[in-house]
Amino acid sequence: MSLQGKTVLVTGGSRGIGRAVCVRLARMGGHVYCNYVSNPAAAEETLELIRAAGGNGEALAFDVADVDQVQAAIKQIGADRGSLDVLVNNAGITRDGLVARMKEDDWDAVLDTNLKGAFFCAKAASRLMMKQRWGRIINVTSVVGFAGNAGQVNYAAAKAGLVGLTKSMAREFASRNITVNGVAPGYIVTDMTSGLSAEIQAKIKGEIPLAELGSPEDVAGAVAYLASDDGRYVTGQVLHVNGGMYM
Ligand code: NDP
């Protein structure tokens, strides 16, 4: 599975799943832009891992929820590299709370980053991909977008929204040889899930047929497949990476 000569942008590439995706796609030969919003030290660590794996890449700071920043960053990639071939919309946040207590700000922040951010990035990236007549857009959704989760109405709505966005974009872009797919992780060990108590983690494990939480590399493998030539005939699909917790 080669991405030799391809330019890759991974949003939220500085930590967790995004970091593993950056390293994996760089190992396949892609030149990887590792986006982050607030943590340059973490992005630098990702770049060190990319280099240690024999790959190339660079850090690129922008807020996916800010359309001006997104457009400027993707314009810069186009100017520097002449192409953008693979976009992984991975940046995401949580602002959990029961419906009765959830503030409008919590709703807006999660929808803006997790859903609108993916729209902004895909829209800007698709301009370059259409001209090239080749592209891969991979949206990181979640098991929660399918199964729902008490206390995550904002997050579940954003992640379910990403599924509709994925299928609609797949239909719009197919004639230009751009595939659009989703990857839906279950519970993956990252900063996002590190706050879960041992008790809750044990309960979650009990609900997973494979009886363990996933790793960022498990998700990166699915993204790598969809980005590669092996996945060329797959579009508008969501690949679940969840140990069987949702079938
Ligand atoms: P982490 O919290 O470990 O990392 C989040 C990443 O997103 C960081 O790189 C962060 O950058 C970046 N980010 C956050 N907000 C923005 C923004 N506005 N603009 C640009 N970058 C931003 O998350 P995970 O690795 O756990 O999750 C990655 C994706 O996978 C998310 O979309 C999440 O919803 C999804 N997911 C995760 C699951 C899990 O169990 N962990 C399960 C299902 C889905 P910085 O370092 O600068 O803060």
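Ligands are counted one by one from 1 in listed order, and the atoms in each one are counted from 1 as well.
Looking at Asp63, its side chain does come within 3.5 Å of a backbone N or O of Ala65 through a donor-acceptor pair. The backbone N or O of Val110 sits nowhere less than 3.5 Å from a side-chain atom of Lys116 that would complete a donor-acceptor pair. Gln237 places a side-chain N or O within donor-acceptor distance of the main-chain N or O of Thr235, the cut-off being under 3.5 Å. Proximity of a side-chain donor or acceptor of Asn35 to a complementary backbone N or O of Gly12 within less than 3.5 Å is detected. A side-chain donor-acceptor contact under 3.5 Å links Asn181 to the backbone of Gly236. Of the possible polar contacts, one joining the Asn114 side chain to the Ile93 backbone as a donor-acceptor pair under 3.5 Å is found.
Using bins of under 30°, 30° to 60° and over 60° for the plane-to-plane angle, the ring pair Phe146/Tyr246 lands in the tilted bin.
Residue contacts with ligand 1: Val64 is placed with a nitrogen or oxygen under 3.5 Å of a nitrogen or oxygen of the ligand (distance criterion only). At under 3.5 Å, a nitrogen or oxygen of Gly12, whether backbone or side chain, sits near a nitrogen or oxygen of ligand 1. Distances between N or O atoms of Gly18 and those of ligand 1 include no value under 3.5 Å. At least one N or O atom of Ile188 sits closer than 3.5 Å to an N or O atom of ligand 1. Where the criterion is an N or O separation shorter than 3.5 Å, residue side chain and backbone included, Ser38 meets it with respect to ligand 1. Remark: ligand 1 and Lys159 share an N or O pair separated by less than 3.5 Å (distance only, no angle test). Residue Arg15 has at least one N or O atom closer than 3.5 Å to an N or O atom of ligand 1.
Scanning the protein heavy atoms around atom 37 (C) of ligand 1, the nearest turns out to be Ile17 CD1, 3.6 Å. The protein heavy atom nearest to atom 24 (P) of ligand 1 is Thr190 OG1, 3.6 Å. Among all non-hydrogen protein atoms, the one lying nearest atom 15 (N) of ligand 1 is Ile93 CG2, 3.6 Å. Protein heavy atom in closest approach to atom 5 (C) of ligand 1: Gly92 O, 3.9 Å. The protein non-hydrogen atom at the shortest distance from atom 28 (C) of ligand 1 is Asn90 OD1, 3.2 Å. Counting protein heavy atoms only, atom 46 (O) of ligand 1 is closest to Ser14 OG, 2.6 Å. At the shortest separation from atom 16 (C) of ligand 1 among protein heavy atoms lies Val37 CG1, 3.6 Å. Of all protein heavy atoms, the one closest to atom 18 (N) of ligand 1 is Asp63 OD1, 2.8 Å.
Residues Glu44 and Arg51 are paired through a salt bridge, judged by an N-O separation under 4.0 Å between the basic side chain and the carboxylate.
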Pair Arg19, Glu45 - check salt bridge (Lys or Arg N to Asp or Glu O under 4.0 Å), show working.
CA-CA 9 Å; Arg19 170 179 286 177; Glu45 274 178 40; 3.4 Å; yes
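Contact check for Asn56 versus Val32: no side-chain heavy atoms found under the 4.5 Å cut-off. Counting only heavy atoms from C-beta outward, the side chains of Leu226 and Val183 approach each other to under 4.5 Å. Side-chain atoms of Trp134 and Asp85, non-hydrogen and from C-beta on, do get closer than 4.5 Å to each other.
Ligand 1 has no atom lying under 4.0 Å from any heavy atom of Thr11. In this structure, Thr141 counts as a contact residue of ligand 1, since one of its heavy atoms falls inside 4.0 Å of the ligand. For Gly186, the closest heavy-atom approach to ligand 1 falls below 4.0 Å.
The salt bridge (charged side-chain N to carboxylate O under 4.0 Å, His left out) contacts involving residues 136-153 comprise Arg136-Asp229, where partners must be two or more places apart or lie in separate chains. Among residues at least two apart or in separate chains, ring pair (Phe, Tyr, Trp, His ring centres under 6.0 Å) pairs with a member in residues 11-56 are His31-Tyr33.
Here the options are Val64, Leu115, Ile74, Val67, the test is side-chain contact (heavy atoms from CB on, under 4.5 Å), and the partner is Phe120; only Val67 passes.
Here the shortest heavy-atom distance to atom 43 (C) of ligand 1, taken over Gly16, Pro185, Ala65, belongs to Pro185. Between the choices Tyr155, Tyr36, Phe62, the shortest heavy-atom distance to atom 35 (C) of ligand 1 belongs to Tyr155.
For ligand 1, the atoms closer than 4.0 angstrom to any heavy atom of Asn35 are 20 (C), 21 (N). Interface of Val140 with ligand 1, defined as ligand atoms under 4.0 Å from a residue heavy atom, comprises 29 (C), 30 (O), 35 (C). Near Thr113, meaning under 4.0 Å from one of its heavy atoms, ligand 1 places the atoms 15 (N), 18 (N). Atoms of ligand 1 lying under 4.0 Å from at least one heavy atom of Thr193, given by number and element, are 39 (C), 40 (O), 41 (N). In summary, the atoms of ligand 1 found under 4.0 Å from a heavy atom of Asn39, numbered by their order in the structure, are 45 (P), 46 (O), 47 (O). For ligand 1, the atoms lying closer than 4.0 Å to a non-hydrogen atom of Tyr187 are 40 (O). Ligand-side atoms of ligand 1 in range of Asp191: 3 (O), range being under 4.0 angstrom from any heavy atom.
Interatomic distance, Cys22 SG to Arg15 CZ, rounded to the nearest 0.5 Å: 12.5 Å.
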